[in-house]
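Numbers restart at 1 for each chain; the letters A, B, ... are given by sequence-line order, proteins then strands.
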Amino acid sequence: MLKREFRINFRSFCIWLFILVGIFALVYLMYPSITNSENSEMLNEVLKAFPEDLLVAFNMDITDISDSFGWLKSEGYIFILLITGAYAAIMGANIALKEESDMTIEYLYSLPISRNKILTNKIICGLTYVILLVFCIGVFNLICLFLSGTFDIKVFLLLSIAPIFTSIVTFLLCLFLSTFTHKTKNMLGISLGIVFISYFLQIVSNIAEQFEFLKYLSIFTLADTRNIILNGTINSIIIIISVIISLVLLICTYINYNRKELI
Amino acid sequence: MLKIEGLTKYYGKTLGVKDLSLELKKGEVFGFIGPNGAGKSTTIRSIMNLINKNAGKVYIDGEEFTKKNYKLKEKIGYLPSEIHLYEDMKVKELFNLHAKFYKKDTLKRRRELVKLLNVRENIKISKLSLGNKKKVAMVLALMHDPELLILDEPTSGLDPVVQHTFYMLVADLKKRGTTILYSSHILPEIERLCDRVGIIKDGALINVEKIKDLKSKNLSYVSVYSKSIIDIANELELNEYMVDQNMLRFKVTGNYDNLIKVISKYKIDKILIEEANLEELFLHYYE
């Protein structure tokens with residue numbers, strides 16, 4: 001059963017990985033010509049014209065985007081968070097619910113296998129692909145950065161690990177929500193909405209001090225970007241919170257999945 | 001083999017099944033009949049733990065069958081009314097996957113069933129017609145040689161040839177001692193295959209009878225062809241009858257003496273007395 005789960009989700013994983021690697025490959029190929037000495041001055045002039053709050057929102061106030069690693073720390077990292085987040089959200093929303101949407105669940109439930117085992121197989125598969133996507137883009141970035149110049153390996157590794165927290169929580173949150181509905185089309189909008197609203201809340205909380213509290217509503221707070229770039233560490237409280245949220249979501253998902261009845 | 005005690009299921013405030021109790025003996029073929037929406041599928045889905053019961057218990061071989069006691073499903077074969085299988089797989093791949101869930105060797109029985117039902121194994125499920133998908137589902141329900149077989153509208157979507165093969169298959173399973181819960185609204189097939197029949201209406205099991213007892217209720221349909229049919233109808237004091245030109249058609253239960261005495265007074269062109277089939281019995285007693 002687990003083997004089948006991996007097989008049926010492999011194609012979508014490859015597509016998402018191809019998109020993510022494609023975007024980054026393009027940037028790494030084009031970035032040196034964008035940031036040559038002539039354009040670099042122009043770029044700095046443009047950035048000076050940007051409002052301070054906007055630079056903060058994209059971490060451009062604490063990074064120098066004149067090289068590839070600088071770009072990765074600001075915009076590149078946002079891409080990774082958003083794309084891996086969207087993949088995790090869709091995966092979480094679909095992985096268990098698809099059986100119901102395709103109505104194959106009646107066959108599956110007639111087999112001598114517990115619902116816990118069915119769900120566990122799906123969670124193992126989903127989490128593996130989500131972590132693998134983060135890992136693969138991390139390895140790709142590492143290779144490209146080695147080829148393009150010097151960079152702070154510790155900050156890079158921490159930045160590469162951090163999306164795992166947001167992706168896992170996003171995956172588990174969407175999986176949990178999917179246990180309340182029967183159709184995948186109901187969940188697609190909700191799951192992507194969670195990712196993009198989370199990102200929006202994160203931006204707003206960074207820009208306006210009076211809305212700083214909104215960061216507590218955003219999954220992306222768990223990525224702890226600014227702290228990694230500024231101090232080269234991940235706040236251990238963030239890790240503990242991520243683990244607690246994940247465990248609570250996991251337990252609630254198992255409880256609800258076992259109670260759920262077919263329509 | 002299968003015992004249901006006080007099964008009750010509500011969908012919100014809407015009644016699905018109320019206080020349904022039933023017991024199937026080992027090797028028995030039990031017909032479960034009732035009009036659409038009467039609660040047949042709700043009962044079956046509750047037995048299979050696909051939906052949550054509001055009250056009641058289900059026992060298989062004396063052991064309570066709950067979601068947690070999923071290993072009991074090794075004894076059950078289930079054929080749902082609507083077939084939805086993994087469309088991305090080939091038939092043989094699905095059979096192989098299915099076999100992995102059971103401890104026993106399923107290969108021999110699978111081969112027998114594939115041959116009997118003429119199932120093509122080397123084809124994608126998405127390419128199969130509805131009838132062929134049903135045949136695949138039948139192999140899946142039977143290849144692990146279940147002790148209890150639950151069939152929900154098994155012949156819907158099958159062509160007459162496959163239907164006939166299926167009836168032979170059920171008869172063979174009966175000989176092998178398989179207990180079968182056979183839900184259907186096609187009464188002739190219940191009459192043909194089942195030992196007992198349970199009649200469900202508005203969520204309640206209104207009666208359980210042996211097929212032969214139901215048939216011995218001696219309901220017949222009489223068709224009399226005569227120019228005096230109105231007089232005959234009046235003299236027989238019929239409440240329900242049908243008139244078509246010179247033909248009078250009515251039901252008789254048991255007492256034929258009075259009928260013979262009355263019609264002997266008139267000139268009769270033709271008379272036909274037909275024994276009611278199960279469908280007619282069902283309509284007569286329970287509608």
Subject >> Residue, of B/Asn69, B/Ile76, B/Asn52, that accumulates the most heavy atom pairs under 4.5 Å with chain A >> reply: B/Asn52
**OP:** Pick one of side chain, backbone, both or neither for A/Lys260, based on which atoms fall under 4.5 Å of a heavy atom in chain B.
**Re:** backbone
**OP:** Using a cut-off of under 4.5 Å on heavy-atom pairs, state which of B/Met48, B/Lys67, B/Glu74 scores highest against chain A.
**Re:** B/Lys67
**OP:** Heavy-atom distances under 4.5 Å only: say whether A/Ile105 touches chain B with side chain, backbone, both or neither.
**Re:** neither
Original post:
Out of B/Ile150, B/Leu97, B/Leu85, which one racks up the most heavy-atom pairs below 4.5 Å with chain A?
Top reply: B/Leu85
Original post:
In Å and rounded to the nearest 0.5 Å, what is the NZ to NZ distance from B/Lys57 to B/Lys53?
Top reply: 10.5 Å
Subject >> From A/Tyr107 atom OH to B/Leu140 atom CG, the distance as rounded to the nearest 0.5 Å >> reply: 5.0 Å
Subject >> Aromatic ring proximity, centroids under 6.0 angstrom, B/His144 and B/Phe101 >> reply: no
Subject >> Gap separating the CH2 atom of A/Trp16 from the OH atom of A/Tyr87, nearest 0.5 angstrom >> reply: 9.0 Å
Original post:
Is chain B contacted by the side chain of A/Asn116, its backbone, both, or neither, given a heavy-atom distance below 4.5 Å?
Top reply: neither
Subject >> Carboxylate-amine/guanidinium proximity below 4.0 Å for B/Lys18 and B/Asp202 >> reply: no
